[in-house]
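Worksheet: the structure to be examined is printed underneath.
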Amino acid sequence: MPELPEVETTLRGLKPWLVGATITEVKVRQPALRWPVVDNLPDLLIGQVILCMGRRAKYLRLSLKNGSLLIHLGMSGSLRLLSANEPWRKHDHIEVVVHTGKRIRYHDPRRFGSWSWTFNEHHQLTNLGPEPLSTHFDGNHLYRLGRGRKLPVKNFIMSSEIVVGVGNIYAAESLFRAGIRPDRSAGRISLKRYIALSQHIKAVLRTAIEQGGTTLRDFVDSVGDPGYFKQQLKVYGRHGRPCTVCKAPLKLTRLGQRSTVFCNRCQT
Ligand SMILES: [Zn+2]
């Protein structure tokens, strides 16, 4: 599943080609995504200049003069930058062409992604916690919001109203690096440990962004390179294998329907 690093990598790959460009063509071959793509999307976009492009949580936002387009990659979506009109592949659903001839094509086998248009504010973006790489997110923030909370810390840091974009892989990896058991109650973690955890979350996400994300199978970044962060995972997907620190076999547990791997010795 594309996580924050993949979305950020996609943004960085596409932005230089799209910002300031005028949209000349829009083709929607399959409008049945998670929510139906509006029928008049081509009319709304053609002739418009892309004023800016950004990311909030796992959403990509293209701002135009008359409104904005919010793209979510869902479970299996990806955006590819093409220089010419290449043949459409199976599961290629939407294409946007700009005046320079560059085009982005949206590919999504499972169709859980979305392309939504609005003239005002996107309701999907309300009630979201801070961006993990911003200064609004730190150990104090986690400590303050964690007081009195019984839910496991892994579920806590994966809640989008607490902080956005900390997916399953990054939550497990940051908790291991901070030495915190994933099933410990959010309310029973000291400020000092939350400071360490917030720093590890930032470091893990930054490294993953630099390396283009983790999802080697589903994700291809905008220039076609797969993500390499996967090679640095210490716990995720390593159940039963030796801990990289103490060599004890890593344990598997389930928290909130998600499998979680951790070290019973190094994480307390
Ligand atoms: Zn260990």
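Just so you know, ligand 1 is whichever comes first in the structure, and atom 1 is the first atom listed for that ligand. Quick caveat: nothing in here was measured; it's all calculated off a predicted structure.
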Could you check if a side-chain atom of P5 sits within less than 4.5 angstrom of a side-chain atom of L205, using non-hydrogen atoms only?
yes
Under 30°, 30 to 60°, or over 60°: which ring-plane class applies to F156 and Y194, parallel, tilted or perpendicular?
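Plane angle between 30° and 60°, so tilted.
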Would you kindly check if the NZ (Lys) or CZ (Arg) of R238 is within the cone defined by 45 degrees around the ring axis of Y236 and under 6.0 Å from the six-membered ring centre?
no
Step by step, work out the side-chain hydrogen bond (donor to acceptor under 3.5 Å, both in side chains) result for S76 and D108.
CA-CA 5 Å; S76 57; D108 188 356; 2.7 Å; yes
Around the Zn ion (ligand 1), how many protein N, O or S atoms are there at under 2.8 Å?
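Total protein N/O/S atoms under 2.8 Å from the Zn ion (ligand 1): 4.
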Give a yes or no on this: more than 12 heavy atoms of other residues, nucleotides or ligands lie within 6.0 Å of atom NZ of K251.
no
Taking side chain to side chain contact (heavy atoms under 4.5 Å, CB included) as the definition, give me every residue that meets it alongside S68, ordered by chain and number, with sequence neighbours left out.
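Expected list: R61, S63, T118, H122.
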